> 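Here's a structure for you.
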There are 2 protein chains.
Amino acid sequence: MQRMTRQRTALADLLDGTPDFRSAQQLHQMLKDAGQNVGLATVYRTVQAMAEAGDVDVLRIEDGEALYRRCARGHHHHLVCRECGKTVELAGEAVERWASRIAHEHDFVDVDHTAELVGTCRECATRIYGGGTGA
Amino acid sequence: MQRMTRQRTALADLLDGTPDFRSAQQLHQMLKDAGQNVGLATVYRTVQAMAEAGDVDVLRIEDGEALYRRCARGHHHHLVCRECGKTVELAGEAVERWASRIAHEHDFVDVDHTAELVGTCRECATRIYGGGTGA
DNA sequence: CATGTCATGACAATCATTCTCAACAATGAT
DNA sequence: ATCATTGTTGAGAATGATTGTCATGACATG
Ligand SMILES: [Zn+2]
Ligand SMILES: [Zn+2]
Ligand SMILES: [Zn+2]
Ligand SMILES: [Zn+2]
């Protein structure tokens, strides 16, 4: 009941070759640039379906906009560079333990959690703040 | 340079008496219901200024909408009931250690983090799934 | 009270996301 | 291959939260 269309294939391929989180609008534009015209509504629908199926991860930036990225299946978290978008997937057992301990302590059930790290990677830090030669 | 106006006082008082996270639109309506008319734009401006000043916390729900809540000053996280909105503030030293360890391991600097827990509190779980008398 | 600013609010404008629905196309059967 | 079935697409409208505009209003101080 999930048909394989030109549009879905194109989007899946694009995501496979895109290491960083991208918005639906960006993906739509990237497809257009690549000569693969796919309607914006279709990009939204497809990327959301993929998110529900666990095929992509969703990240919300500060203003609430949703970004998508092809990720390893299964629960994990991210460390993202705020400058270049470089993303590291984190297994983070420590967070899992923390979450379940807190849930227990406060008598909550069905506790989900989100945890994301945003920083500046070595390359970007060097480029911005300068090399090791001092000021 | 921060003048004390009727509107800001009203909003501050309202937040003082509101234990759960609320949207700007909700706060605007609550003020109207209380006979305190405050423009929607003013609510947005004020609540954002308070957030920048660290006087309220911001939480983004699944669809990206921003919710605000008067919280203790300083960095902390939350455990929120998805049914009734009951909120517990968490000191969460475990998360702080995890975040800084990961930052180190991956050679990132200036790493910020977000971590939020959403679950169902005891009262709501009992109401929804039934009491302790079995199925 | 006068006066200088900052603050307010009604409304327009943005902008991401969702909805609508007629035209289309993937799939499976004939 | 042809066809019928039914999920899919896309252009544009609609939604809804948030932001911008700017003339008017109201703190705070002398
Ligand atoms: Zn970087
Ligand atoms: Zn986790
Ligand atoms: Zn509850
Ligand atoms: Zn923390």
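In the text below, chain A, chain B and the rest are named by the order of the sequence lines, each starting its count at 1. Bear in mind that the values here come from a model prediction, so they are computed numbers and not experimental data.
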> Rounded to the nearest 0.5 Å, what separation is found between the CD atom of B:Glu89 and the CG atom of B:Leu79?
11.5 Å
> Between C1' on D:dA17 and CD on A:Glu62, what's the gap in Å once rounded to a whole number?
17 Å
> Counting only distance, no hydrogens or angles, is the base of C:dG9 paired donor-acceptor with the side chain of B:Arg45 under 3.5 Å?
yes
> State, yes or no, whether a side-chain contact exists between A:Asp57 and A:His76 at a heavy-atom distance under 4.5 Å.
yes
> B:Ala115: what forms a side-chain contact (heavy atoms from CB on, under 4.5 Å) with it, not counting sequence neighbours?
A:Trp98, A:Ala115, B:His77, B:Val95
> Of all the heavy-atom pairs spanning B:Val111 and B:Phe108, show the shortest one and how long it is.
CG2-CB, 3.6 Å
> Identify the heavy atoms of A:His106 and B:Leu90 that sit nearest to each other, and give their distance.
NE2-CD2, 3.9 Å
> Looking at A:Cys81 and A:Thr120, what are the two nearest heavy atoms and their distance?
SG-CA, 4.0 Å
> So for atom CD, which belongs to B:Gln29, do other residues, nucleotides or ligands contribute more than 12 heavy atoms lying within a distance under 6.0 Å?
yes
> Between protein and nucleotides 25-30 of chain C, map the contacts as a letter string: B base, S sugar-phosphate only, - none, heavy atoms under 4.0 Å, written 5' to 3'.
BBS---
> Hey, is the side chain of B:Tyr44 poking within less than 4.0 Å of OP1 or OP2 on D:dT18, counting only N and O atoms?
yes
> What distance do A:Lys32 atom NZ and A:Leu40 atom CG have between them, rounded to the nearest 0.5 Å?
8.5 Å
> When you match B:Ala24 and B:Gln7 each to their closest nucleotide on DNA chain D, which lands nearer the 5' end?
B:Ala24
> Could you tell me the separation between the CE atom of B:Met50 and the P atom of C:dA7, rounded to a whole number of Å?
14 Å
> List in chain and number order the residues that pass side chain to side chain donor-acceptor pair (under 3.5 Å) with A:Arg127, two or more places apart in sequence or in another chain; answer none if no residue qualifies.
none
> Among C:dT17, D:dG10, C:dG9, find the nucleotide with the atom closest to the side chain of B:Ala41.
C:dG9
> Distance-only, no hydrogens or angles: does the A:Arg70 side chain make a donor-acceptor pair with backbone N or O of A:Thr18 under 3.5 Å?
no
> Need the bend value for the helix from C:dC1-D:dG30 to C:dT30-D:dA1: angle between end axes, 5 pairs each end, nearest 10°.
30°
> In whole angstroms, how far is the C1' atom of D:dA17 from the CG atom of B:Asp63?
9 Å
> Roughly how many Å is it from CZ in B:Arg8 to P in D:dA26, rounded to a whole number?
15 Å
> Please list, by residue number, the residues of residues 27-40 of chain B whose heavy atoms come closer than 4.0 Å to an atom of DNA chain C; answer none if no residue qualifies.
B:Asn37, B:Val38, B:Gly39
> Considering non-hydrogen atoms only, spot the tightest contact between B:Arg82 and A:Val109 and give its length.
NH1-O, 4.2 Å
> Which part of the nucleic acid, if any, lies within contact of B:Gln26, taking any heavy atom under 4.0 Å across all strands shown: a base, the sugar-phosphate backbone alone, or nothing?
nothing
> Which atoms form the tightest heavy-atom contact between A:Tyr129 and B:Asp110, and what is the distance?
OH-OD2, 3.1 Å
> How far apart are the closest heavy atoms of B:His113 and B:Ala99, and which atoms are they?
ND1-CB, 3.8 Å
> Residues from residues 54-61 of chain B sitting under 4.0 Å of DNA chain D, heavy atoms only?
none
> If you count heavy atoms of other groups shown closer than 6.0 angstrom to NE2 of B:His104, is the number above 12?
no
> Using whole Å, what does the distance between atom P of nucleotide C:dG9 and atom CD of B:Gln25 come to?
15 Å
